[in-house]
Every structure is written in structure tokens, then in C-alpha cells.
2 protein chains.
Amino acid sequence: MRQQNTMQQKTQLNKPRQKKVLDLHSVKVACKECSLHQLCLPRSIVGADLEKLDSIIERKRPLKRNEHLFQVGSAFNSIYVVRSGSLKTYSPTVDGQEQVTGFHLPGELLGLDAIGKGKHPCAAKALETTSVCEVPFEHLEGLTQELPTLQHQLLRLMSKEIFDDQELMLLLGKKTAEARLSAFLLSISLRFKQRGFSSTEFYLSMSRNDIANYLGLAVETVSRMFTRFQEDGLIKAERKHIVIKNREMMKKISGMNECCDETDDAESQLFV
Amino acid sequence: MRQQNTMQQKTQLNKPRQKKVLDLHSVKVACKECSLHQLCLPRSIVGADLEKLDSIIERKRPLKRNEHLFQVGSAFNSIYVVRSGSLKTYSPTVDGQEQVTGFHLPGELLGLDAIGKGKHPCAAKALETTSVCEVPFEHLEGLTQELPTLQHQLLRLMSKEIFDDQELMLLLGKKTAEARLSAFLLSISLRFKQRGFSSTEFYLSMSRNDIANYLGLAVETVSRMFTRFQEDGLIKAERKHIVIKNREMMKKISGMNECCDETDDAESQLFV
DNA sequence: CTAAACAATTGATAAATGTCAATTCTATAC
DNA sequence: GTATAGAATTGACATTTATCAATTGTTTAG
């Protein structure tokens, strides 16, 4: 067995049993002690400000696989930060199918798309055991009035979200199946890296079906692409366990801009 | 000749020569007198607050067709509101092509995707003679500290942008060529309607090439779809002049959710 | 541990879309 | 007004991807 960290495991490793241990019943770990602290908090927020921020954040019991964080059309009250595990967001389509709109890894946000209309345009479902921080939006908005840095941070994060969505549109709009899957894997890889996980070896928590749905392809096509990538020595794929073997070639195939590259530095992921 | 209002003409019509006329050299019309006033300003901003807001907004000379508002990679200083005319935004791709990421009609915003990194990830080019309001972001951010309503408005608008992008991703990800084009036309139609233009008859300021590029299709496919839609009595298309003849059928073809429907009320378009 | 449900893969075929090429239409420059 | 370049349309053909069907592998519930 080689070393195979799921998002779950990594989070656990980072926070070995200390004073307060993450347990399924009472999750009450202050922001200061959270394993995602460095990723999650704006650097500039410290001391008393940090206390303020911490005081508004609610920690919910972890979600089990397939449990919903919120449903389509439900009232928007909070935004969420993934602490460990992962979720997918999806919308219902006219024909009763679901359409996957995104995957959310540790340190990433959910719910920003709901601010405008005051209700969630999509549902969020856990892909594995997952814990999130809940940030009541009214409180957050109030706090931003006191803390200009926080406001700036929030605007930056929303802007990043817009930017990322547009990146993805580039992908979905134009490319072939192999370009899409390649770019998808690189995107996941980069996001893992930004959170301190391995960028060359990781577990995909989502099914082939979810990936296909997300990329606008048939499951069979995705499966065939995985096979082909493997034959071509680009990756090693054993079900959900993925090893990136030839990143450069994958970049070429995906037709990615440089901007989607590792040039992204830590700054862009900070939050609340 | 039937009545054919371009975005240009409509804007002119709404603001017949008054005290201050829009001329190509010195555009200095205060927000209060702007034809987009009702669309553009949060209702709640009045009196002294309006003056403040107005004071930070700069008005540039109109752009001619094919002129750039900003280039890829240029420093982010301001966000922009389209007053009349229209623009497209696009990114360069690896193979030197451009990839169209969006079209921007009167009352709509540009530049929100640049806040995060401090530089524009895409370029913006005028599709016709176009005038915009420039809102220096630092000033705006400062103002939001004084005016909570404005802050709320800004967050809502950014959220809407995220929401809209995800709508589009749904489209690009999954659908057939006819679904894409149909949804595209309905989207344009709805946006015209929200700005007070006709939703059944309008001019497309962008070329078939731009549309195809945007939708991730070949020009030829788009052209054939236009032809087929016409044969099927869905639309009447004479080059850029479009008449929607069977909106219901088009909705069905596009596989759109109800949420993209006319249910969108005026609230969602207000801005700065 | 076993059965049953589900997920993933693979093959054969059909349908959709892209590519190449030719033609017509439109706008622009002189 | 005419010439020219660009945009849009149309047809023939090649390629990609979806669909249908069968098989294998994996997880879950009892």
C-alpha cells in the first residue's frame, strides 16, 4: 500500500488529538485551532478581530455521505467553508435529471451564488463524510463594516469565484472530451496542491457519473478517456485513486492558459 | 421598414436632447440625469448619498467599434457599467485564438472578475459605438464602508454574476447545438427586456462567429441552426435582426429552468 | 459471507457536429 | 459606383461523441 491520503485523512493528520478533538457530536473548535487556519483566515485578521470573526462562525455536526447541506430553493442565510471531506452542488433540470455545477474541496466556499436572490439556486450534497463551517451572512456583512480588510477579502473571494467559473466556461464551451477531462483533473490537482495535499496523487471523491455530468459528457466517454489517458501514460487510474504521471502533456491536451497554472499563490484562497 | 431599434438608438430615444446632450467629446452627464438611472442606481440611494456616488464615477468618451475598453492582463482599477452599445469580453487561448467569454449589454457590468488578482483576465472590445461609466474600485470600496446599502448591493451583484455564470455553464456543459443557441437567444431576449427594450425583436450586435465561439460551436453549425429555427417558425432572422416568434417552443428546446425565466424582477439589475 | 444493487468498463452502432470547400451576400474603402 | 474584403450560408464528408447493450468489478445490506 502506498501512501494514500483522502481529504478526510489529511485533515485528521494535520490535527492530531489535541485538547479539542473533532468528534461527531460536539464540534467546537475555534478558528485559531482549526487545521485550515492558515488557509482560511485573512492574514491580516488577528487578536480581537479574530475573536469577533470566530464568534459568528457556527460549526455543524459532520455530514454523512449523500446528506444535504442545503436543498434547491432553500432560504439563504449562511455561506459555508468546507473543513474536510467534499461536496457537489447540482441543479435540477427540466427533464428531472440533476446537473452537477461544481465540486467543493476543503478550504473552498459554498453559497456565494445565493446572495443575490436570497435562496439557493442549487443543492449541495456531501460526497463523503464532510464537515463545514457555517458563516451567517448577516453577521458577516455586519462585520465587514467594522473590518475593511474582511470586506476586501470577501470581494476578492467573490471575484475569484466569478473568475473560476469563467475559466470553466472556457473549458466546457469549446473543448473536446479529452481536453475537458484533462483540464478537470489538472484543476482538481491544483486545488489539492493549494490546500497542501499532493498534486500528483489523490482520490476523486466523486463518481465517474458526476464527472461526466459536470463535464457535459456521457459516462462511457469519460470512462474511455480514463482508459486512453492510462494507455498513453498520462495518468495511472485505479478507480478513484489517481496519479498524474505526465502533467506537461496533460496541460497541452487541455489547452489551458498559463493563468490556470501554479502561478496561483496562496493569497487567493484565504477566507473568513 | 418596421421599427428597428438598436441598443444605440434606444438609448438616444430615451434621452432626447436636454440640457446636457451626450456628445462624443465631453460626456459629463450626472447619474441623476442618466437614462439608465432607474436601472443603474439602487433605489435606496438618494440625495447626498447619490451625490457621493456620482462624484466618483468617471465618464469616458464613447468607444468606437472594435476599440478596447481594457486588454488582457491590464491593471484592474475600475469596474464599468455599459450605458449604451455593447461589448464582448474574451481571453486568448493557447493556440493564439480568442475565446469569447461574454457579451455585455446596456446596464450590465464589466470587470468584476478582475478584483481577485488585480488584473483583467480577459479583454473587452466594443461591438459597436459604446459608452460606459467607469467606477474606480478603490473609491467604490471606500464608499461601501459609509453606505451599507451600497455594500449590500455590490455583494448582490457579484453574487448574481456568479449565478449567471453557473447558468451558462449548465448550458455549455450539457446541451446540443440547438439547445445552446436557443438558450442564448432567450438570454439575450430577457436581458433586453430587463433593460426596457423589446424582448421579441432586437438586433444582435455580435457576429455569428462570436456567437459560435461563445457557445463552443462551429460557425457553420450556428448558421445551420439559425436556418433550421427559421424553417421551424421559431424565429425570423435576417442577418442580425432577430424576431422571436415562438418563445414557448424555444424554452422547451433550450431545456431552461424556470429560474431563468421572466420571474427575474427589476431588483436584480440595480447598480451603482 | 453472500446476494443484490450499483459503478465502471468495453464494444457496436447511430447521430451530431466539425472540417473543408464553394458560393452568395454585405459592408467598406477608394 | 465599383472593387474588394469580410461575413454568412450551404453542401459533402470525416470525426467525435452519444446511445444501447452486455460484462465485469465493487460496495452494501442482511
Side-chain angles (χ1 to χ4, degrees), chain A residues 4 6 64-67 88 93 95 97-100 125 127-129 171-182 184-185 203-231 235-242 253 255, chain B residues 4 6 64-66 88 93 95 97-100 125 127-129 171-182 184-185 203-232 235-242 253 255:
Chain A
Q4 300 174 337
T6 66
K64 288 198 283 268
R65 189 163 124 83
N66 290 330
E67 254 187 295
K88 71 173 174 184
T93 61
D95 47 351
Q97 304 287 59
E98 59 181 52
Q99 157 80 313
V100 177
K125 188 196 264 187
L127 292 167
E128 57 191 315
T129 305
L171 195 80
L172 295 179
K174 222 183 175 53
K175 315 298 180 155
T176 61
E178 65 172 0
R180 291 187 197 193
L181 183 60
S182 175
F184 170 75
L185 290 174
Y203 271 87
L204 294 174
S205 55
M206 66 295 287
S207 68
R208 297 283 194 272
N209 237 307
D210 284 338
I211 296 174
N213 188 310
Y214 179 64
L215 296 178
L217 300 167
V219 205
E220 295 92 334
T221 306
V222 169
S223 187
R224 279 185 252 267
M225 288 300 147
F226 268 108
T227 307
R228 192 200 293 175
F229 283 1
Q230 235 176 151
E231 289 168 356
I235 64 172
K236 186 166 169 309
E238 223 170 88
R239 296 277 154 171
K240 294 176 185 303
H241 177 225
I242 307 291
I253 289 176
Chain B
Q4 299 173 338
T6 66
K64 287 199 284 269
R65 189 162 124 83
N66 290 329
K88 71 172 174 185
T93 61
D95 48 349
Q97 302 287 58
E98 58 181 53
Q99 159 80 311
V100 177
K125 188 196 263 187
L127 293 167
E128 56 192 315
T129 304
L171 196 79
L172 295 180
K174 222 182 174 52
K175 314 299 181 160
T176 60
E178 64 173 0
R180 292 187 196 193
L181 183 60
S182 174
F184 170 75
L185 290 174
Y203 272 88
L204 295 174
S205 54
M206 66 294 288
S207 70
R208 297 282 194 271
N209 237 305
D210 284 338
I211 296 174
N213 188 310
Y214 179 64
L215 296 177
L217 300 168
V219 206
E220 294 92 333
T221 306
V222 169
S223 188
R224 279 185 253 267
M225 287 300 147
F226 267 108
T227 308
R228 193 199 295 177
F229 283 0
Q230 235 176 152
E231 288 169 357
D232 297 351
I235 64 173
K236 187 166 168 308
E238 222 170 89
R239 295 274 155 174
K240 294 177 184 303
H241 177 226
I242 307 292
I253 289 174

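FYI, side chains are in, hydrogens and waters are out, and symmetry mates aren't considered; it's all heavy atoms of this structure. Reminder, nothing fancy here: chain letters follow the sequence lines and each chain counts from 1.
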Visitor: Between B/Glu178 and B/Arg65, which is nearer to the 5' end of DNA chain C once each is assigned its nearest nucleotide?
Guide: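 Comparing both residues, the 5'-ward one is B/Glu178.
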
Visitor: Nearest whole angstrom, please: distance from the C1' of C/dT17 to the CZ of B/Arg228.
Guide: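 Interatomic distance, CZ of B/Arg228 to C1' of C/dT17: 11 Å.
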
Visitor: What verdict does the side-chain contact (heavy atoms from CB on, under 4.5 Å) test give for B/Ile211 and B/Leu181, after you've listed the backbone C-alpha separation in whole Å, the side-chain angles of each residue and the deciding distance to 0.1 Å?
Guide: CA-CA 8 Å; B/Ile211 296 174; B/Leu181 183 60; 4.1 Å; yes

Visitor: Could you state the atom-to-atom distance from NE2 of B/His241 to P of C/dA27 in whole Å?
Guide: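 Whole-Å distance recorded here is 14 Å.
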
Visitor: Under 4.0 Å, heavy atom to any atom of DNA chain C: which of residues 220-227 of chain A qualify?
Guide: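 Within this stretch, A/Glu220, A/Ser223, A/Arg224, A/Thr227 sit under 4.0 Å of the strand.
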
Visitor: State, with a plain yes or no, whether a side-chain heavy atom of A/Leu172 is found less than 4.5 Å away from one of B/Leu171.
Guide: no

Visitor: Kindly express the pairing pattern of DNA chain C in dot-bracket notation, using | wherever a base pairs with another strand and counting only Watson-Crick or G-U pairs under 3.5 Å.
Guide: ||||||||||||||||||||||||||||||

Visitor: Where the side chain of B/Arg239 is concerned, which of C/dA8, C/dT26, C/dT17 is the nearest nucleotide?
Guide: C/dT26

Visitor: Please identify each residue that fulfils side-chain contact (heavy atoms from CB on, under 4.5 Å) with A/Arg208, with sequence neighbours left out.
Guide: A/Val219, A/Val222, A/Phe226

Visitor: Run the side-chain contact (heavy atoms from CB on, under 4.5 Å) check on B/Leu185 and B/Leu204 step by step: do they pass?
Guide: CA-CA 9 Å; B/Leu185 290 174; B/Leu204 295 174; 4.2 Å; yes

Visitor: Below 4.0 angstrom from OP1 or OP2 of C/dT26, is there any side-chain N or O of B/Lys240?
Guide: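 Answer no for this pair, as no side-chain N or O of B/Lys240 is under 4.0 Å from OP1 or OP2.
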
Visitor: Between A/Arg208 (CZ) and C/dC6 (C1'), how many Å, whole number?
Guide: 14 Å

Visitor: Which nucleotide wins on minimum distance to the side chain of A/Ala218, given the candidates D/dT19, D/dT9, C/dT17?
Guide: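 Out of D/dT19, D/dT9, C/dT17, the nucleotide with an atom closest to A/Ala218's side chain is D/dT19.
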
Visitor: Nearest whole Å is fine: how far is D/dA8 P from B/Ile242 CD1?
Guide: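 Those two atoms, CD1 and P, are 11 Å apart.
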
Visitor: In whole angstrom, what separates A/Arg180's CZ from D/dA18's C1'?
Guide: 13 Å

Visitor: To the nearest Å, how far apart are B/Glu238 CD and C/dT26 P?
Guide: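 For the pair B/Glu238 CD and C/dT26 P, the rounded distance is 9 Å.
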
Visitor: Over all heavy atoms of both residues, which pair between A/Ala179 and A/Ile253 is shortest? Give the atoms and the distance, please.
Guide: CB-O, 3.5 Å

Visitor: Does a salt bridge link A/Lys240 with A/Glu128, judged by any charged N lying under 4.0 Å from a carboxylate O?
Guide: no

Visitor: A/Phe229 has an atom CZ; how far is it from atom C1' of C/dA8, in whole Å?
Guide: 17 Å

Visitor: Evaluate the criterion side-chain contact (heavy atoms from CB on, under 4.5 Å) for residue pair B/Leu127 and B/Asp210; output intermediate values, then yes/no.
Guide: CA-CA 10 Å; B/Leu127 293 167; B/Asp210 284 338; 3.8 Å; yes

Visitor: Rounded to the Å, how far apart are A/Leu215 CG and D/dT16 P?
Guide: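 Distance, rounded to whole Å: 18 Å.
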
Visitor: Mind listing the closest non-hydrogen atom pair of B/Glu178 and B/Phe229 along with its distance?
Guide: O-CZ, 3.4 Å

Visitor: Compare the minimum distances between each of D/dA8, C/dT9, D/dT17 and the side chain of A/Leu217, then state the nucleotide with the smallest one.
Guide: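 Of all the options, the side chain of A/Leu217 is nearest to D/dT17.
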
Visitor: For the residue pair B/Gln99 and B/Asn213, what are the closest heavy atoms and their distance?
Guide: OE1-OD1, 2.5 Å

